[in-house]
S.K.: 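Let me give you the structure first, and then I'll get to my questions.
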Amino acid sequence: MSYSVTTVGVRPRHILEEIVWHKRQEVAQMRQELPLASLQQQLSTAPAVRNFLTALQENSHVPSIIAEVKKASPSRGVLRADFEPIAIAQAYERGGAACLSVLTDSKFFQGSFDNLRNIRQKVAIPLLCKEFVIDIYQIYYARVAGADAVLLIAAILTDEEIQDFTRVIHDLGMKALVEVHTLGELDRVLKLDNIRLIGINNRNLEDFTLDIKTTQALAEQRRSQLQSYGITLVSESGLYTPADLSFVAEVGARAVLVGESLIKQADVEKGVRSLFANG
Ligand SMILES: O=P(O)(O)OC[C@@H](O)[C@@H](O)c1c[nH]c2ccccc12
């Protein structure tokens, strides 16, 4: 079954709805300031796309690391007061991250598209635009800013939207990372065409509870489909130690998405290196 959690005019029931509610106003505003047709004209001057998927698959570390440039979150507040996005991105790259995830939502995560643009010029590894995408406009916007991959959150999109948005992302040469948290969402996504990269979020975005066994439960229940479709699996959130990384790698995650446990460390380069401690 396909549904969208947000209905215009209805008061948000949880944070995800609230974020989507604000995002709709934000995108309406962006479309007014820079219409889609004008934005599309800027595509020709966008930086060349880097292959996000190959970078994850060919990295010598298993799992490979997508390190997240994240200043704050609704569940944890400000994670790092002395936040220097470019310096952090460069340190992650030196530490051995295969790719970076850059939060671009400003209201809830204190991120920005400027961070994405600036980081793009200073690192060589591919970048994921970490956004609450609800409109194709945002996909073009991400590409113009230099994104190589775009997050799609199944919980806030209909099946048709995931399918359409994936097509647009691929047409622009980027990769779609489709995020799920429940078996129902995973089954919805597995029925769609051209899905290559799935993220299992260990955090429930409705109540913020974390459980890395979410990755195990979903990956084990759909192991054969994930394998036969050639899906590259990413385990997201709540990963802190080499043991956590080994645990999700053993159940099939080729990559991990790590934010908080890295960003809170004084030396984030060393932080990435120490996550590889088991191999
Ligand atoms: O900081 P953590 O627990 O390591 O999590 C990183 C990342 O998975 C998390 O920021 C995230 C996963 N999915 C999202 C969707 C939107 C915003 C943020 C996220």
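If you're wondering where the values come from, they're calculated on a predicted model, not measured in any experiment. Counting starts at 1 for both ligands and their atoms, following the listed order.
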S.K.: Using residues 79-87 as the side-chain source, report each donor-acceptor pair under 3.5 Å to any protein atom, sequence neighbours left out, with the distance given to one decimal.
M.R.:
residue, atom, partner, partner atom, Å
Arg80, NE, Asp82, OD1, 3.3
Arg80, NH1, Ile263, O, 2.7
Arg80, NH1, Gln265, O, 2.7

S.K.: Check ligand 1 for close polar pairs with the protein: N or O on both sides, less than 3.5 Å.
M.R.:
residue, atom, partner, partner atom, Å
ligand 1, 1 (O), Lys70, NZ, 2.8
ligand 1, 1 (O), Glu260, N, 2.7
ligand 1, 3 (O), Arg203, NH2, 2.8
ligand 1, 3 (O), Gly238, N, 2.9
ligand 1, 4 (O), Gly259, N, 2.7
ligand 1, 4 (O), Glu260, N, 3.4
ligand 1, 5 (O), Ser237, OG, 3.4
ligand 1, 8 (O), Ser237, N, 3.3
ligand 1, 8 (O), Ser237, OG, 2.7
ligand 1, 10 (O), Glu68, OE2, 2.5
ligand 1, 10 (O), Lys70, NZ, 2.9
ligand 1, 10 (O), Lys130, NZ, 3.4
ligand 1, 13 (N), Glu179, OE1, 2.7
ligand 1, 13 (N), Glu179, OE2, 3.4
ligand 1, 13 (N), Asn201, ND2, 3.2
ligand 1, 13 (N), Glu236, OE1, 3.4

S.K.: With His170, which residues qualify under ring pair (Phe, Tyr, Trp, His ring centres under 6.0 Å), at least two apart?
M.R.: none
S.K.: Angle between ring planes, His61 versus Phe276, binned at 30° and 60°: parallel, tilted or perpendicular?
M.R.: parallel
S.K.: Give a yes or no on whether a salt bridge exists between Lys122 and Glu93, defined as a side-chain N under 4.0 angstrom from a carboxylate O.
M.R.: no
S.K.: Can you name the closest pair of heavy atoms from Glu131 and Asp105 and give their distance?
M.R.: OE2-N, 3.5 Å
S.K.: List the residues meeting side chain to side chain contact (heavy atoms under 4.5 Å, CB included) with Ala89, not counting sequence neighbours, and say none if there are none.
M.R.: Val69, Leu100, Ile119, Val123
